[in-house]
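This report refers to the structure that appears directly beneath it.
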2 protein chains.
Amino acid sequence: MPQKRRAPVRQSTAERIRHVSRARREKAKEELSRNILQAAGALFLKHGYEGISMRQIAEKIGYSATTIYRHYENKDDLLFAIVYEGFVKFNQALGKASKVSGDPLSRLKSVCAAYVMFGLKNPIYYQLMFMQRFDFLFEKRSAQQAPMIASFEVMQQIVTEAIQTGRLKRGDPETTSTVLWAVGHGITSLAIADPKRFSKRRLEEIMQVTMQMILSGLVDARR
Amino acid sequence: MPQKRRAPVRQSTAERIRHVSRARREKAKEELSRNILQAAGALFLKHGYEGISMRQIAEKIGYSATTIYRHYENKDDLLFAIVYEGFVKFNQALGKASKVSGDPLSRLKSVCAAYVMFGLKNPIYYQLMFMQRFDFLFEKRSAQQAPMIASFEVMQQIVTEAIQTGRLKRGDPETTSTVLWAVGHGITSLAIADPKRFSKRRLEEIMQVTMQMILSGLVDARR
DNA sequence: TACGTATGAGAACAGTGTTAATACAAAATC
DNA sequence: GATTTTGTATTAACACTGTTCTCATACGTA
């Protein structure tokens, strides 16, 4: 089968200009996309999704509202992009925490702590991701895999190891992971919902009791 | 000290009419209030808060939208009234579950199960109450005490008993209650967020593992 | 030069929560 | 019984919202 076009060693100046120009325009477009995303993110995270209008976002970056629609299908799509960024950060945080040295059990602790920490440091991200718009959790858009899966798999992997090495009781890793996930989510969302009641000191107490519960339960076996 | 006005044995007919008429009108007003609340509740619970407009609510009961404002200050106030109803039902469910016979531990189990059950049977109530509009959780309006407190106190009371009778490890009842509350909330909200993954069968598995974790922990102590 | 295309803006649409002005009936007062 | 006051519901309007249509302008291409 003959090659249709040999790799040209030289391009005409016209070709080069066309190529460069095209690249420049694409770059500009991407930059504007990022600008929109950044402005929208800052505003959403400060005033909430419903509290910000497309016109306000546009004004912040000096464009008309309609321009946003050339980059994002609609307001929901814009939010999804922001939430997706949140998931990337979340995944990074959990991934980093899972790489701590030690046995599976201490790595599990590290991941759980990282989970809660992320929520407390990025409460509005967390709200959008896990509380208000959890419909994004399992949604696939444009060939991106459901964003939450990755983080959950980090957890599940460690749990599997912990079971295999005998540090955790025998059982279905997925079920155990889900339970741990639920505990982390419960504490985090409660702490976000009622920050007054969850001072730093208080939260540490709760985390400690939770860890104790996970490890050896709450029942006093001596009686 | 002389009484300013002696109890009149007889009222004039005019007085009686005035009184009855006033009562009738008040009753009618209350009835309309309830009608609005019911219509709004049904619509919110079906289409979500943002998905329903004041005009749609009004249309459902055959009134103009502005009439609603004579009964509720604004849309948010209307939602609060509905969420408050939700809390009343929630409190009833937990209260009933706490009255089951048995030692504090089995009553604790009963309350936790009732918590999750309520969320699964009334997912949109639960979302409005604990996930989307948790700002209502601790809000006081018009001399009503913060609605969530009551339910939490049911839980805390049982935990206190369980600690006192030695069924639970020694510790601060409030902290322990908070942890248990967080676990219940975590499971419930995850199940609501991803009902596909939480079939009835799956949920039972998770509940069982959770109970085991609460009771005797997840760590295998034999190694 | 002319042509097609990508990028932006303005006007407009249907709808939102909410308020002001207004009609009307019932109750209270004379 | 006539008149004033009060309570209720409606219509019109305001300032917004997300979104689409139409149009202008600049740019790469021929």
Side-chain angles (χ1 to χ4, degrees), chain A residues 11-37 39-41 43-44 46-82 132-133, chain B residues 11-37 39-40 43-44 47-82 132-133:
Chain A
Q11 295 176 307
S12 71
T13 55
E15 268 176 333
R16 265 186 294 140
I17 285 175
R18 184 169 45 185
H19 183 265
V20 169
S21 164
R22 184 191 184 84
R24 174 169 45 80
R25 285 175 53 141
E26 270 178 13
K27 192 181 156 194
K29 179 159 188 172
E30 257 184 44
E31 196 172 338
L32 181 49
S33 272
R34 272 207 313 278
N35 272 351
I36 293 172
L37 202 67
L43 290 173
F44 285 166
K46 187 176 282 182
H47 302 99
Y49 179 65
E50 309 286 348
I52 290 298
S53 73
M54 297 297 262
R55 288 172 177 83
Q56 285 172 300
I57 298 169
E59 195 185 6
K60 176 153 187 177
I61 54 173
Y63 281 86
S64 150
T66 49
T67 295
I68 299 177
Y69 287 87
R70 214 170 283 287
H71 297 258
Y72 300 92
E73 238 180 71
N74 50 33
K75 199 186 175 188
D76 207 68
D77 194 42
L78 188 50
L79 177 62
F80 179 80
I82 290 160
Q132 271 159 18
R133 294 302 302 262
Chain B
Q11 296 178 308
S12 70
T13 54
E15 268 177 334
R16 266 188 293 138
I17 285 176
R18 185 167 43 184
H19 184 265
V20 169
S21 164
R22 186 192 183 84
R24 174 168 46 81
R25 283 172 58 141
E26 269 178 14
K27 193 181 156 194
K29 181 160 188 173
E30 257 184 44
E31 197 173 336
L32 181 49
S33 270
R34 273 206 313 278
N35 272 354
I36 293 172
L37 201 67
L43 290 173
F44 284 166
H47 302 98
Y49 179 64
E50 308 287 348
I52 290 298
S53 73
M54 297 298 261
R55 288 171 177 83
Q56 284 172 302
I57 298 168
E59 196 187 3
K60 176 154 187 176
I61 54 173
Y63 280 85
S64 149
T66 50
T67 296
I68 300 178
Y69 287 86
R70 205 172 291 283
H71 298 258
Y72 300 92
E73 236 180 71
N74 49 34
K75 199 186 174 188
D76 207 68
D77 194 43
L78 188 50
L79 177 62
F80 179 79
I82 289 159
Q132 271 158 17
R133 293 303 300 264

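The structure presented is a predicted model; accordingly, all values stated were derived computationally and were not measured. Every chain is numbered from 1 and lettered A, B, ... according to where its sequence line falls, protein lines coming before strand lines.
I61(A) places its CD1 atom 9 Å from the P atom of dG8(C), with the value rounded to the nearest Å.
For dA9(D), its base sits under 3.5 Å from the side chain of R70(B) at one donor and acceptor pair at least. A donor and an acceptor atom never sit less than 3.5 Å apart when one is taken from the side chain of S64(B) and the other from the base of dA9(D).
For the pair I61(A) and T67(A), the minimum side-chain heavy-atom distance is 4.5 Å or more. Between F44(A) and K75(A) the shortest side-chain heavy-atom distance falls below 4.5 Å.
Candidate nucleotides dT18(C), dT20(D), dT19(C) were compared by shortest atom distance to the side chain of T66(A), and dT20(D) ranks first.
Residue Y63(A) is in sugar-phosphate contact alone, with no base atom involved, counting any heavy-atom pair closer than 4.0 Å across all strands shown. Across all strands shown, L32(A) has heavy atoms under 4.0 Å from sugar-phosphate atoms exclusively, and none from any base. Backbone-only engagement by T67(A) is indicated by non-hydrogen atom pairs under 4.0 Å involving sugar-phosphate atoms exclusively.
Comparing K29(A) and D76(B) by the nucleotide of DNA chain C whose heavy atom lies nearest to each, the residue mapping closer to the 5' end is K29(A).
Scanning residues 46-59 of chain A for heavy-atom distances under 4.0 Å to DNA chain D yields I52(A), S53(A), M54(A), R55(A), Q56(A).
The two residues L78(B) and M54(B) have their closest heavy-atom pair at CD2-SD, 4.4 Å.
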